Amino acid sequence: MHLSIVGLGKLGSPMAAVLASKGCHVVGFDRSAAVVDALRAGRAPVDEPGLQALIDAHRERISATTDLTAAVAATSATFVIVPTPSDSTGRFSTTAVVDAVSAIGTALQQKTDYHLVVVTSTVMPGATGGEIRRALESRAGRPLGPTLGLCYSPEFIALGSVVRDMLRPDMVLIGESDARAGDLLQSIYARSCDNQPAVRRMSFVNAELAKIAVNTFVTTKISYANMLSDVCDRLPGADVDVVTSAVGADSRIGPRYLRGATGYGGPCFPRDNVAFGALARTLGARAELAEATDSVNRYQVERVLGAIEARATGAAPIGVLGLAYKPDTGVVEESQGLAVASHLLRQGRRVIVYDPKALPAARAALGPSAQAAETAADCVAKASLVVVMTPWPEFGRIPLDAFRRTGRRLTVIDCWRMTPPEVASVADLVFPGTGAETGSAVGVTNRG
Ligand SMILES: NC(=O)c1ccc[n+]([C@@H]2O[C@H](COP(=O)([O-])OP(=O)(O)OC[C@H]3O[C@@H](n4cnc5c(N)ncnc54)[C@H](O)[C@@H]3O)[C@@H](O)[C@H]2O)c1
């Protein structure tokens with residue numbers, strides 16, 4: 001099977017490698033020459049676990065080009081995975097998708113046999129059957145039908161596990177122009193998936209809504225757990241982990257994404273929620289649930305800042321451990337660790353930060369006033385107070401000596417409650433989400 005991919009970024013390049021690993025011949029196209037050159041040279045254009053190994057192992061079936069017409073001519077289906085940034089109203093912009101699909105349509109004027117175009121980028125409900133379809137049909141010079149198919153099929157992946165998530169998805173979601181288009185795409189997934197995921201085929205608009213509904217539901221669950229955590233802060237004797245372990249054991253609810261900790265971040269969750277709210281309002285439907293989820297999420301940064309404010313003493317900097325929005329990625333978009341560090345700097349505080357992967361992106365966002373530590377232990381050793389914002393496993397293995405102080409005790413505010421209990425012998429551990437025994441105003445228990 002010969003396939004082309006337009007947009008070789010955080011999703012597109014792993015998709016190229018995954019499809020090649022299943023025997024497909026993949027041609028990648030990107031408007032960035034640097035990205036095309038990287039893939040041509042056998043280098044992963046993005047940092048994603050497992051991607052380079054997959055490219056190394058299947059390089060003979062992966063090529064990259066700046067000639068879209070040739071890529072389309074040589075393949076039977078083209079995936080479009082270009083950015084759809086949020087606009088000022090919270091809706092996803094389709095400018096790059098329409099540009100890409102228009103260029104594919106122009107290329108299709110030269111190709112008379114059947115071709116399938118698959119939009120993988122996240123788009124607003126109505127976009128695929130509206131402006132995207134119009135752009136494709138008008139440029140190709142023929143309507144969707146016997147020789148032209150269109151599908152909307154978004155990915156449900158998390159950065160840091162994109163390869164794994166593409167190989168073993170829970171669900172394959174297909175919005176299709178007709179059965180032939182859907183059958184072809186389903187056969188591609190049957191080949192690329194290691195598991196046998198649920199397959200849901202439907203109209204464009206249902207698939208577009210289902211994509212943002214899944215993410216919005218998950219964010220609602222995260223904000224629910226964080227709402228419980230905030231209550232537990234103020235409820236003597238309460239422990240959010242104990243409560244969520246019981247709540248998550250109910251099969252109607254389930255334990256995943258039910259952890260009271262920091263808020264969600266990254267390039268998808270926050271904006272999908274906002275987009276859902278914008279969609280509902282545009283339609284005259286009520287958007288309170290999406291809006292409340294977003295507002296609870298933003299409040300988590302204030303919660304952490306409040307806990308810091310109540311305890312920060314000393315001239316040494318405040319240590320922020322974790323700037324990536326989640327482990328296994330260097331992405332800092334909408335990261336709550338980055339938000340906390342940047343608020344502290346704006347308050348005029350000294351800040352020392354550490355993250356195993358996100359320091360370059362964080363430095364660019366925070367500017368020169370933030371000091372960067374070489375290691376997690378170095379960050380702890382130089383700080384007057386430490387806050388753990390991202391659950392990188394290594395933060396649970398920092399040597400005890402880094403926490404020791406002479407003449408006073410270090411305070412560690414650990415939003416993920418991963419600091420080993422023995423640290424309490426030398427430092428004060430503050431675990432948000434565990435009830436204040438004395439009902440303290442900042443509402444978090446000191447263990448130590
Ligand atoms: N990153 C995620 O976690 C994630 C998860 C689910 C869905 N998505 C969606 O997938 C889409 C792509 O996201 P991403 O994270 O891979 O983006 P990205 O920014 O990492 O990569 C996009 C690539 O597309 C290229 N590009 C832009 N316009 C182009 C054009 N007109 N023609 C050819 N190439 C073009 C860029 O040069 C870049 O290499 C977005 O709609 C996003 O919402 C992303």
Side-chain angles (χ1 to χ4, degrees), residues 4-18 27-39 43-49 51 64-69 71-72 78-87 90-107 117-124 127-128 132 135-136 139 152-166 169-171 173 207-208 210-212 214-216 218-219 264-276 324-326 328-335 361:
S4 41
I5 296 182
V6 175
L8 299 168
K10 295 185 284 298
L11 257 65
S13 51
M15 181 182 268
V18 164
V27 190
F29 170 86
D30 198 288
R31 70 172 181 193
S32 156
V35 167
V36 170
D37 288 346
L39 201 56
R43 278 182 283 111
V46 296
D47 178 21
E48 182 61 35
L51 176 58
T65 180
T66 49
D67 181 350
L68 181 62
T69 306
V72 169
T78 305
F79 291 80
V80 178
I81 321 183
V82 297
T84 49
S86 304
D87 67 19
R91 299 169 66 87
F92 308 130
S93 156
T94 43
T95 307
V97 177
V98 169
D99 281 356
V101 165
S102 301
I104 294 164
T106 303
V117 177
V118 182
V119 175
T120 305
S121 299
T122 308
V123 298
M124 291 305 287
T128 309
I132 294 171
L136 179 63
R139 289 298 187 91
Y152 173 67
S153 185
E155 289 286 344
F156 296 90
I157 55 85
L159 297 182
S161 56
V162 178
V163 169
R164 194 216 73 96
D165 296 346
M166 283 182 172
D170 282 353
M171 181 203 23
L173 177 62
E208 289 161 333
K211 161 66 181 171
I212 52 173
V214 166
N215 281 0
T216 306
V218 174
T219 55
Y264 53 80
C268 291
F269 278 172
R271 74 191 198 106
D272 285 6
N273 220 72
V274 170
F276 190 92
Y325 82 94
K326 66 179 280 299
D328 297 320
T329 179
V331 171
V332 298
E333 215 172 319
E334 298 280 339
S335 144

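Below, all heavy atoms of this structure are taken into account, side chains as well, without hydrogens, waters or symmetry copies. No experiment lies behind these values; they were computed from the predicted model shown. In listed order, ligands and their atoms are each counted from 1.
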Could you go through M171 and F156, starting from their C-alpha distance and side-chain angles, then the distance that decides it, and tell me whether this counts as side-chain contact (heavy atoms from CB on, under 4.5 Å)?
CA-CA 8 Å; M171 181 203 23; F156 296 90; 3.7 Å; yes
Please state which protein non-hydrogen atom is closest to atom 41 (O) of ligand 1 and give its distance, to 0.1 Å?
T84 OG1, 2.6 Å
Partner of R271 under side chain to side chain donor-acceptor pair (under 3.5 Å), chosen from N215, T122, T84
T84
Ranked by distance from atom 23 (C) of ligand 1, the top protein heavy atom is D30 OD2, 3.6 Å
Is atom 43 (O) of ligand 1 touching the protein, meaning some protein heavy atom lies under 4.0 Å away?
yes
Side chain, backbone, both or neither: L11 near ligand 1, heavy atoms under 4.0 Å:
both
Spacing of T78 atom OG1 and L136 atom CG [to the nearest 0.5 Å]
9.5 Å
Those residues that, when tested against E48, pass side-chain hydrogen bond (donor to acceptor under 3.5 Å, both in side chains) (two or more places apart):
none
Can you tell me the protein heavy atom closest to atom 32 (N) of ligand 1 and the distance?
V6 CG1, 3.8 Å
Which atoms from ligand 1 have a heavy atom of S121 less than 4.0 Å away?
11 (C), 41 (O)
Spacing of CZ belonging to F92 relative to CD1 belonging to I212, to within rounding of 0.5 Å
5.5 Å
So which heavy atom in the protein is nearest atom 15 (O) of ligand 1, and how far is it from that ligand atom?
K10 CE, 3.3 Å
With a 4.5 Å heavy-atom cut-off, do P267 and L159 have their side chains touching?
yes
Is the contact between E48 and ligand 1 made by the side chain, the backbone, both, or neither, using heavy atoms and a 4.0 Å cut-off?
neither
Proximity flag P154 to ligand 1, non-hydrogen atoms under 4.0 Å:
no
Test side-chain contact (heavy atoms from CB on, under 4.5 Å) applied to S102 - qualifying residues, sequence neighbours left out:
V98, A135, R139
The reported gap from CD in E155 to OG in S121 (rounded to nearest 0.5 angstrom) is 11.0 Å
When you look for heavy atoms under 4.0 Å from ligand 1, do you find them on the side chain of C268, its backbone, both, or neither?
side chain
Among all protein heavy atoms, pick out the one at the shortest distance from atom 22 (C) of ligand 1; state its residue, atom name and that distance to 0.1 Å.
P83 CD, 3.6 Å
Could you check atom 34 (N) of ligand 1 against the protein and tell me its nearest heavy-atom contact, residue, atom and distance included?
R31 N, 3.3 Å
Crowding at CG, D67 (>12 non-hydrogen neighbours, <6.0 Å)
yes
So which heavy atom in the protein is nearest atom 21 (O) of ligand 1, and how far is it from that ligand atom?
G9 CA, 3.2 Å
Residue-ligand contact F156/ligand 1, heavy atom below 4.0 Å:
no
Relative to ligand 1, is V82 under 4.0 angstrom through side chain, backbone, both or neither, heavy atoms considered?
both
Working to the nearest 0.5 Å, report the span between OH of Y152 and CD1 of I132.
8.5 Å
Report the nearest protein non-hydrogen atom to atom 7 (C) of ligand 1: residue, atom name, distance rounded to 0.1 Å.
T122 OG1, 3.6 Å
With rounding to the nearest 0.5 Å, note down the distance linking CG in D47 to OG1 in T329.
7.5 Å
Short list, please: which atoms of ligand 1 are under 4.0 Å from a heavy atom of R271?
42 (C), 43 (O)
